[in-house]
Amino acid sequence: MPTTRHTKVLILGSGPAGYTAAIYAARANLSPLLVRGIQVGGQLSITTEVENYPGFAEAVQGPWLMDQMAAQAQHVGTELIEDTITKVDLSRRPFTAIGDGGDIYQAETLIICTGAQARWLGLPSEERYRGFGVSACATCDGFFFRNKQVAVVGGGNTAVEEALYLTNHAAKVTLIHRRDSLRADKTNQARLFKNPKIEVIWNAAVDEVLGTAEPPGVTGLKLRDLAGGPARTIAVDGLFIAIGHTPATELFKDQIDLDAEGYAITKPDSTATNIPGVFAAGDVKDKVFRQAVTAAGMGCMAALEAERFLAHHESLALAAQ
């Protein structure tokens, strides 16, 4: 039978932003509830080696890191809930969130940490090698391709910036684009075309990611010529997909302010949204950095801001008595 729960702080999402927000809220004696959602652990749950999160001299596994964050959040007093929110009402406080089983969560403050999902090509072979040579984050995984050959798919600023970044590690970077011109700004394009490590393949699409089974790893790509030329195969050790991200904000559409791409808009130097008491942290509002450490930092900010919001309203209530 559906139940109704009340909390001072409700956190949606179980990535680095959500767990960090939970840790800080719990340590402030706010007894937060964290609803873990459909992808427990966020994008790090499908990441193999993590080498750029502070505090670990050796690379750690993404799922293990998220398990540790979850355990820490629980240890300091967070209640983790296995549920997925299907509806929210932010028109009044306490805010209301409804889980897919009908459970109701009422919250004095809400911290949105639902993240963003990388857009993928949709190939079975791409999914087979995801985490084993196929990635959507050059900053996260480029280091593993030192002196190797990699490819980047995309034609916007993100793809060009990923390709340029990868030249710091890889011996060669091939940018694959479906059209005969890039959408990236002219400054980025100029830097790309000047870089001797980068080759551009125009009017091409990846049809299949080639690789080995044991151990799993990428060895090449089958490309389709969209201008009518013959198919070709190129040898690469890694493939980076850079065709954009989709923030998980559909639940909040027409309730909080979103930008043209669907990312939550927050006040400058803050995680506060346009609705007092509602905060957004991590990749759901960050389309620039998209790193675990920056998401965790924003989770900390959101919890501190939620604590101050609650304290302010409690002092107003006392003054009115």
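Heavy-atom basis, side chains included; hydrogens, waters and symmetry copies ignored.
- Under the 4.5 Å side-chain heavy-atom criterion for grouping Ile, Leu, Val, Met, Phe, Trp and Tyr, Ile201 is not connected to Leu192 through any hydrophobic cluster.
- Residues satisfying the ring pair (Phe, Tyr, Trp, His ring centres under 6.0 Å) test with Phe309, not counting sequence neighbours, are His313.
- Considering CG of Leu258 and CZ of Phe252, their distance stands at 9.5 Å, rounded to 0.5 Å.
- Atom CD of Glu127 sits about 12.0 Å away from atom CG of Leu121, to the nearest 0.5 Å.
- Checking side-chain atoms of Gln106 against main-chain N and O of Thr96 turns up no donor-acceptor pair under 3.5 Å.
- Note that OG1 of Thr109 is 7.5 Å distant from CG of Leu30, once rounded to the nearest 0.5 Å.
- At a threshold of 4.5 Å between non-hydrogen side-chain atoms, the residues Ile256 and Leu90 count as touching.
- Looking at residues two or more places apart in sequence or on another chain, you find a salt bridge (Lys or Arg N to Asp or Glu O under 4.0 Å) between Arg5 and Glu79.
- Side-chain contact between Asn274 and Ile265 is absent, with no heavy atoms from C-beta onward closer than 4.5 Å.
- Under the 4.5 Å side-chain heavy-atom criterion for Ile, Leu, Val, Met, Phe, Trp and Tyr, Ile98 and Ile112 are members of distinct hydrophobic clusters.
- Using a 4.5 Å cut-off between side-chain heavy atoms of Ile, Leu, Val, Met, Phe, Trp and Tyr, with links allowed through other members, Ile275 and Val88 fall into the same hydrophobic cluster.
- The side chain to side chain donor-acceptor pair (under 3.5 Å) check on Thr246 picks up Arg119, with sequence neighbours excluded.
- Residues Thr78 and Ala26 share a closest heavy-atom pair of OG1-CB, 3.6 Å.
- Environment of CD in Glu51: crowded, with over 12 heavy atoms of neighbouring residues, nucleotides or ligands closer than 6.0 Å.
- Within the structure, salt bridge (Lys or Arg N to Asp or Glu O under 4.0 Å) pairs that include any residue of residues 9-33 do not occur (at least two apart or interchain).
- Applying the ring pair (Phe, Tyr, Trp, His ring centres under 6.0 Å) test to Phe56 and every residue at least two apart in sequence or in another chain returns Trp64.
- In terms of modelled atom types and a separation under 3.5 Å, the side chain of Gln291 and the main chain of Phe289 share a donor-acceptor contact.
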Identify every side-chain donor-acceptor pair in residues 6-25 under 3.5 Å, counting partners at least two apart or on other chains, and give the distances.
unit_1	atom_1	unit_2	atom_2	d
His6	NE2	Glu108	OE2	2.9
Thr7	OG1	Val9	N	3.2
Thr7	OG1	Val9	O	3.0
Thr7	OG1	Ser31	O	3.4
Ser14	OG	Arg36	O	2.9
Ser14	OG	Gly41	N	3.0
Tyr19	OH	Arg36	NH1	2.9
Thr20	OG1	Pro16	O	2.7

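- Between the Gln72 side chain and the Gln68 main chain, no donor and acceptor come within less than 3.5 Å of each other.
- Of the N and O atoms on the side chains of Ser135 and Asp141, at least one donor lies less than 3.5 Å from an acceptor on the other residue.
- Note that OG1 of Thr294 and CG of Asp286 are 5.0 Å apart. Values are rounded to the nearest 0.5 Å.
- Taking the centre and axis of the six-membered ring of Phe143, the NZ or CZ atom of Arg146 falls inside the cone set by 45° and 6.0 Å.
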Show every donor-acceptor pair shorter than 3.5 Å between a side-chain atom in residues 206-214 and any protein atom, with sequence neighbours excluded, or say none if there are none.
unit_1	atom_1	unit_2	atom_2	d
Asp207	OD1	Arg224	NE	3.0
Asp207	OD1	Arg224	NH2	3.1
Asp207	OD2	Arg224	NE	3.1
Thr212	OG1	Pro215	O	2.8
Thr212	OG1	Gly217	N	3.4

Steps toward side-chain contact (heavy atoms from CB on, under 4.5 Å) verdict (Glu126, Ile241): CA-CA 10 Å; Glu126 169 194 55; Ile241 311 299; 3.7 Å; yes
Working for side-chain contact (heavy atoms from CB on, under 4.5 Å), residues Arg191 and Asn195: CA-CA 6 Å; Arg191 292 176 60 212; Asn195 196 304; over 6 Å; no
Per-pair distances, 0.1 Å, donor-acceptor, side chain in residues 172-182, under 3.5 Å, sequence neighbours excluded:
unit_1	atom_1	unit_2	atom_2	d
Lys172	NZ	Glu199	OE1	2.8
His177	NE2	Ser181	O	2.9

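- With hydrogens and angles ignored, the 3.5 Å screen pairs a side-chain donor or acceptor of Lys197 with a backbone N or O of Thr167.
- Residue Phe279 holds its CZ atom at 7.5 Å from OG1 of Thr273, rounded to the nearest 0.5 Å.
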Contacts under 3.5 angstrom, residues 295-305 side chains, donor-acceptor by atom type, not counting sequence neighbours:
unit_1	atom_1	unit_2	atom_2	d
Glu305	OE1	Ser270	OG	3.4
Glu305	OE1	Thr271	N	2.7
Glu305	OE1	Thr271	OG1	2.5
Glu305	OE2	Ser270	OG	2.6

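- No side-chain donor from either of Thr233 and Lys222 sits under 3.5 Å from a side-chain acceptor of the other.
- Every pair passing disulfide bond (SG atoms under 2.5 Å apart) that includes a residue from residues 91-138 is listed here, sequence neighbours excluded: Cys137-Cys140.
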Residues Asn52, Val293; criterion side-chain contact (heavy atoms from CB on, under 4.5 Å); working and verdict: CA-CA 8 Å; Asn52 57 359; Val293 67; over 6 Å; no
Residue pair Tyr263, His245: steps toward the side-chain contact (heavy atoms from CB on, under 4.5 Å) verdict: CA-CA 10 Å; Tyr263 288 87; His245 286 71; 3.4 Å; yes
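- For the pair Trp120 and Val134, the minimum side-chain heavy-atom distance is below 4.5 Å.
- Residues meeting the side chain to side chain donor-acceptor pair (under 3.5 Å) test with Lys287, sequence neighbours left out: Asp259, Glu261.
- Judged purely by atom type and a 3.5 angstrom limit, Lys148 has no side-chain atom pairing as donor or acceptor with the backbone of Val236.
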Would you list the atom pairs, donor with acceptor, under 3.5 Å between side chains in residues 149-166 and any protein atom, with sequence neighbours excluded?
unit_1	atom_1	unit_2	atom_2	d
Asn157	OD1	Asp185	N	2.9
Asn157	OD1	Asn188	ND2	3.0
Glu161	OE2	Asn188	ND2	3.3
Glu162	OE1	Ala138	N	3.1
Tyr165	OH	His169	NE2	3.3

Test log, rule ring-ring contact (aromatic ring centres under 6.0 Å, His included), inputs Phe132 and Phe144: CA-CA 10 Å; Phe132 298 98; Phe144 301 113; over 10 Å; no
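- For the pair Thr139/Arg290, no side-chain contact is recorded, criterion being any heavy-atom separation below 4.5 Å from C-beta on.
- The number of heavy atoms from other shown groups lying within 6.0 Å of CD1 (Ile104) is above 12.
- In terms of hydrophobic clustering, with Ile, Leu, Val, Met, Phe, Trp and Tyr side chains grouped at heavy-atom distances under 4.5 Å, Leu34 and Val284 are assigned to different clusters.
- Looking at Thr249, its side chain does come within 3.5 Å of a backbone N or O of Gly262 through a donor-acceptor pair.
- Residues Leu223 and Val218 share a hydrophobic cluster, clusters being chains of Ile/Leu/Val/Met/Phe/Trp/Tyr side chains in contact below 4.5 Å.
- Proximity of Thr219 to Asp237: side-chain heavy atoms (C-beta onward) are nowhere separated by under 4.5 Å.
- Residue Ile81 holds its CD1 atom at 4.5 Å from CG of Leu33, rounded to the nearest 0.5 Å.
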